[in-house]
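Here is the structure we will look at.
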There are 2 protein chains.
Amino acid sequence: MKHIDKIKNLVKENGYKLTPQRLATIEIILKNKDKHLTTEEIFTEVKKAYPNIGLATVYRTILLLDELKILTKHNFDDGKYRYELNDSSESHHHHHLICSKCSRVLEVEDLLTDLEEKIEKTYKFKITNHNLQFFGLCDRCIK
Amino acid sequence: MKHIDKIKNLVKENGYKLTPQRLATIEIILKNKDKHLTTEEIFTEVKKAYPNIGLATVYRTILLLDELKILTKHNFDDGKYRYELNDSSESHHHHHLICSKCSRVLEVEDLLTDLEEKIEKTYKFKITNHNLQFFGLCDRCIK
DNA sequence: ATCAATGCAAAGATTTTGCATCAAG
DNA sequence: CTTGATGCAAAATCTTTGCATTGAT
């Protein structure tokens with residue numbers, strides 16, 4: 001099944017209506033799979049396809065998609081949240097390398113599985129999610 | 001040298017004035033070493049010792065202390081930033097276990113040194129800082 | 001036909017800024 | 001003294017909410 005259909009189903013299965021505004025928002029997020037867009041940026045893009053949409057609707061749609069774990073909220077310390085579509089294969093996590101100079105965001109494969117096991121045992125803490133960011137200088141900016 | 005004197009020196013060495021407002025703010029942050037206070041909380045505490053201080057001054061002082069790497073800014077996804085005093089021994093880092101139920105924040109020793117080396121090599125990315133958070137259920141809430 | 005979803009504008013919440021005044025160095 | 005620091009209030013940002021209206025099921 002295509003990713004967009006999975007998302008559509010998730011929305012419907014959870015008793016939410018599949019409105020054109022939600023669909024337009026989902027399409028923009030899908031189209032920018034690899035980016036980390038802010039709500040404002042998503043809003044601007046969605047407006048091109050659906051000029052009447054209100055910012056509040058985009059905020060509410062993103063809230064919904066976050067609840068349904070369709071996307072992940074990131075905070076790169078620039079004062080606003082950024083959103084990224086989750087991989088359809090449930091378990092895929094990754095981390096971010098954030099360049100302090102050019103703000104480029106690189107992705108790194110998940111490296112924490114072993115660590116999590118250790119932590120769960122040591123601290124008796126049931127981990128459901130994690131967030132790992134590295135700040136520094138990317139290859140381009142080191143030069 | 002006592003930690004507070006180190007901080008005082010850092011402020012002065014960098015050409016900033018050591019005003020009573022800044023001192024009062026630093027004292028509150030020191031007194032709450034192990035907590036993760038918001039600016040508003042710091043402001044409320046500082047006001048007890050220095051009732052005339054303005055919120056903007058506390059914001060500006062925190063900005064300064066962040067620049068001087070005297071404290072670290074955290075975002076636990078509750079919509080506001082929280083600050084924590086850095087350990088005086090430069091290199092001490094740690095991570096956070098954030099309970100999704102009771103919001104308790106536990107600290108975990110730094111576990112990333114090996115990982116960072118690997119990442120620096122693989123991605124040619126010079127890491128200057130990192131942020132690792134685990135979300136889940138703490139021992140008390142698991143029951 | 002319902003009841004959730006929308007759009008708009010207003011309100012909230014947090015943080016920043018402009019400016020006249022003050023005080024640390 | 002001089003220049004940065006302060007306090008206050010206003011503004012800027014980002015996000016949420018109330019409410020009348022619309023539209024998906």
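The sequence lines fix the lettering, A, B, ..., with proteins before strands; numbering per chain opens at 1.
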Specify the residue among B:T19 and A:E40 whose closest nucleotide of DNA chain D lies further upstream toward the 5′ end. B:T19

On DNA chain C, check which nucleotide each of B:K12 and B:A56 is closest to and give me the residue with the more 5' one. B:A56

Whole-Å distance separating the CD1 atom of B:I53 from the C1' atom of D:dA9: 17 Å

Gap between atom CD1 of A:I7 and atom CZ of A:R22 - 0.5 Å precision: 13.5 Å

Expressed in angstrom and rounded to an integer, what is the separation of A:K73 atom NZ from D:dT16 atom C1'? 12 Å

Let's test your reading of the model: under 3.5 Å, does the base of C:dG7 pair with the side chain of A:R60 as donor and acceptor? yes

Any B:Y59 side-chain N or O less than 4.0 Å from OP1/OP2 of C:dT16: no

Separation between CD1 (B:I42) and OH (B:Y83), nearest 0.5 Å, reads 7.5 Å

Find the distance A:I62:CD1 to C:dT6:P and express it as a whole number of Å. 12 Å

Does D:dG4 have OP1 or OP2 sitting under 4.0 Å from an N or O in the side chain of B:K17? no

For B:Q21 and C:dA23, is the shortest distance between a side-chain N/O and OP1 or OP2 below 4.0 Å? no

Please give, in whole Å, the distance from C:dC22 P to B:R22 CZ? 19 Å

Atom pair distance, as rounded to whole Å: CD in B:E41 and C1' in C:dT14: 13 Å

Out of D:dA24, C:dT15, C:dG25, which has the shortest distance to the side chain of A:P20? D:dA24

Find out whether the Lys NZ or Arg CZ of A:K73 is both under 6.0 angstrom from the six-membered ring centre of A:Y81 and within 45° of the ring's axis. yes

So A:H94 and A:H96, would you call those rings parallel, tilted or perpendicular, with 30° and 60° as cut-offs? perpendicular

Of A:K47 and A:L64, the one whose closest nucleotide on DNA chain C sits nearer the 5' end is A:L64

Using a 4.5 Å cut-off on heavy atoms from C-beta on, say whether the side chain of B:E40 contacts that of B:L55. yes

Once you apply a heavy-atom cut-off of 4.0 Å, does A:L63 come out as touching a base, just sugar-phosphate, or nothing? nothing

Roughly how many Å is it from OH in A:Y81 to P in C:dT15, rounded to a whole number? 10 Å

Figure out the CG/C1' separation between B:N75 and D:dT15, and round it to whole Å. 14 Å

For A:F43, answer base if it contacts any base atom (sugar-phosphate contacts may also be present), sugar-phosphate if it contacts only those atoms, and nothing otherwise; contact means non-hydrogen atoms under 4.0 Å. nothing

Atom CG of A:L18 to atom P of D:dG23: distance rounded to whole Å? 16 Å

